[in-house]
Amino acid sequence: MVETIRWTDEGVVLIDQRRLPLETVYVTCRDYREVAEAIRSMAIRGAPAIGVAAAMGIALGMQQARPPELDVQFEAICETLARTRPTAVNLFWAIDRMKRVYAGVRGRPVEEIRAALVAEALRIKEEDIAVNQAIGRNGCGLIPDGKAVLTHCNAGALATAGYGTALGVIRAAVSAGKKIHVFADETRPFLQGARLTAWELLAEGIPTTLIADSMAGYFMKSGRIGCVIVGADRIAANGDVANKVGTYTLAVLAREHGVPFYVAAPLSTLDLSLPSGEAIPIEQRPAEEVTHCFGVRVAPEGVRVENPAFDVTPHRYVTAIITERGVAWPPFEESLRKLAGGGAL
Ligand code: MRU
């Protein structure tokens, strides 16, 4: 399976997801500003993956920070990374984890501070893989055998430290011997489905059919789709789910056609400080992503464009939320809080 991001002596190495699947290119970010730029420009993307990248970016920044005034430099590094993308809460969750570690070692010799931050960033990466495998185990039973599964965007190994959330559940179901066929939405405008999900699944020999986003209704009506499974960028306390724009459309279609709609996400994607999805900040991306395809203009000059990168699916359309601690069912207010608190369902 592809390795999304790695800590090395030279810097943070990541696979440039903007160039897949045409080219497999690894880039080395040699200072924290380059890591921030990689997140902003979506060389690395996907909620858990950008959390890992931010943590490694902070660790990298502090390798180069010089005493005195380490506190000021640490804050500036965290600020820069926090300003990259607003919607996925995993980014802020990872920065908070790094801040807690820093608070525990500040005032200690700089070498000790650096080592502690690197260790925490590596822990965040390793934990993410284990968490995704647990999500896979917990969700595997929900995937119907012998039917197609529809997914949107890329919630796979590339969107995480490895294995994936929604694609992790699909991987686990395939490993358990289920006959699964994946329908992957191409996911305009950034084409994460066409470029990344299709690439990842084909590499593992998982049967995959690529469809344009606008075909989802056609296939749901055909009765071939057994369930929809997607990842998430932020989940509010009531179970409202922010994910790649177009997810809401799928959820409404799924309800109309009696198809279960599952969300697979780590608990680090929960934002219990938000009572509902209303307050989730939605990133607005550049118009060129819509007017152009691979640098080629496909829309007339001067046309007005809007490009929200995410939408919010109201919890009433969500059948269940699969996490590493178990599956949350409605009412999500209760089940999510129990899972987040470590309680059994
Ligand atoms: O804009 P992106 O590519 O970062 O958006 C990614 C998604 O919306 C994913 O579905 C989400 O982050 C979950 S990834 C496990």
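Both ligands and their constituent atoms are indexed starting at 1 by order of listing. For clarity, every value in this text was computed on a predicted model and none was experimentally measured.
Contact annotation for Phe190 and ligand 1: no heavy atom of the residue comes within less than 4.0 Å of the ligand. The side chain of Met42, and not its backbone, has at least one atom closer than 4.0 Å to an atom of ligand 1 (non-hydrogen atoms only; side chain from C-beta on). Residue Ala49 does not touch ligand 1, judged by heavy-atom distances below 4.0 Å. Residue contacts with ligand 1 for Gln192 involve side-chain atoms from C-beta outward but no N, CA, C or O (heavy atoms, distance under 4.0 Å).
Exactly one residue among Arg285, Glu283, Gln284, Glu288 makes a side chain to side chain contact (heavy atoms under 4.5 Å, CB included) with Asn307. That residue is Arg285. Partner of Asn154 under the side-chain hydrogen bond (donor to acceptor under 3.5 Å, both in side chains) criterion, chosen from Gln17, Arg45, Gln192: Arg45.
Between Thr87 and Ile280, the shortest heavy-atom distance links the atoms CG2-CG2, 4.0 Å. Shown here for Pro308 and Ile282, the closest heavy-atom pair between the two residues is CB-CG2, 4.1 Å.
Here Arg188 does not pair with Asp213 in a salt bridge; the nearest charged N to carboxylate O distance is not below 4.0 Å. Between Arg171 and Glu204, at least one side-chain N (NZ, or NE/NH1/NH2) sits under 4.0 Å from a carboxylate O, which counts as a salt bridge.
Contact atoms of ligand 1 toward Ala155: 14 (S), 15 (C) (distance under 4.0 Å to a heavy atom of the residue). Heavy-atom proximity to Asn243, at under 4.0 Å, picks out these atoms of ligand 1: 7 (C), 8 (O), 9 (C), 10 (O), 11 (C). Ligand 1 places these atoms under 4.0 Å from at least one heavy atom of Arg85: 1 (O), 2 (P), 4 (O). Close contacts between ligand 1 and Cys153 involve ligand atoms 5 (O), 6 (C), 7 (C), 8 (O) [criterion: under 4.0 Å to a heavy atom]. Taking every non-hydrogen atom of Lys244 and a distance limit under 4.0 Å, the qualifying atoms of ligand 1 come out as 1 (O), 2 (P), 5 (O), 8 (O). Under a 4.0 Å criterion applied to the non-hydrogen atoms of Thr165, ligand 1 contributes the atoms 15 (C).
Proximity of Thr4 to Leu14: side-chain heavy atoms (C-beta onward) are nowhere separated by under 4.5 Å. Put simply, the side chain of His181 reaches to within 4.5 Å of the side chain of Phe183, judged on heavy atoms. Considering only heavy atoms from C-beta on, Ile15 comes within 4.5 Å of Leu20 through its side chain. Within the 4.5 Å cutoff, the side chain of Val241 has heavy atoms near those of the Val318 side chain.
Some N or O of Arg45 is nearer than 3.5 Å to an N or O of ligand 1, by distance alone. Considering backbone and side-chain N/O of Gly46, one or more are found under 3.5 Å from N/O of ligand 1. Not one N or O of Thr160 is nearer than 3.5 Å to an N or O of ligand 1, by distance alone. Among the atoms of Ala47, some N or O lies under 3.5 angstrom from an N or O of ligand 1.
Within the 4.0 Å heavy-atom shell around ligand 1 one does not find Ala309.
Of the listed residues (Asp233, Val241, Thr87), the one carrying the non-hydrogen atom nearest atom 11 (C) of ligand 1 is Asp233. Between Pro266, Ala157, Ala159, it is Ala159 that holds the heavy atom closest to atom 14 (S) of ligand 1.
Taking the side-chain contact (heavy atoms from CB on, under 4.5 Å) definition, one finds that Glu301 meets it with Arg297, sequence neighbours left out.
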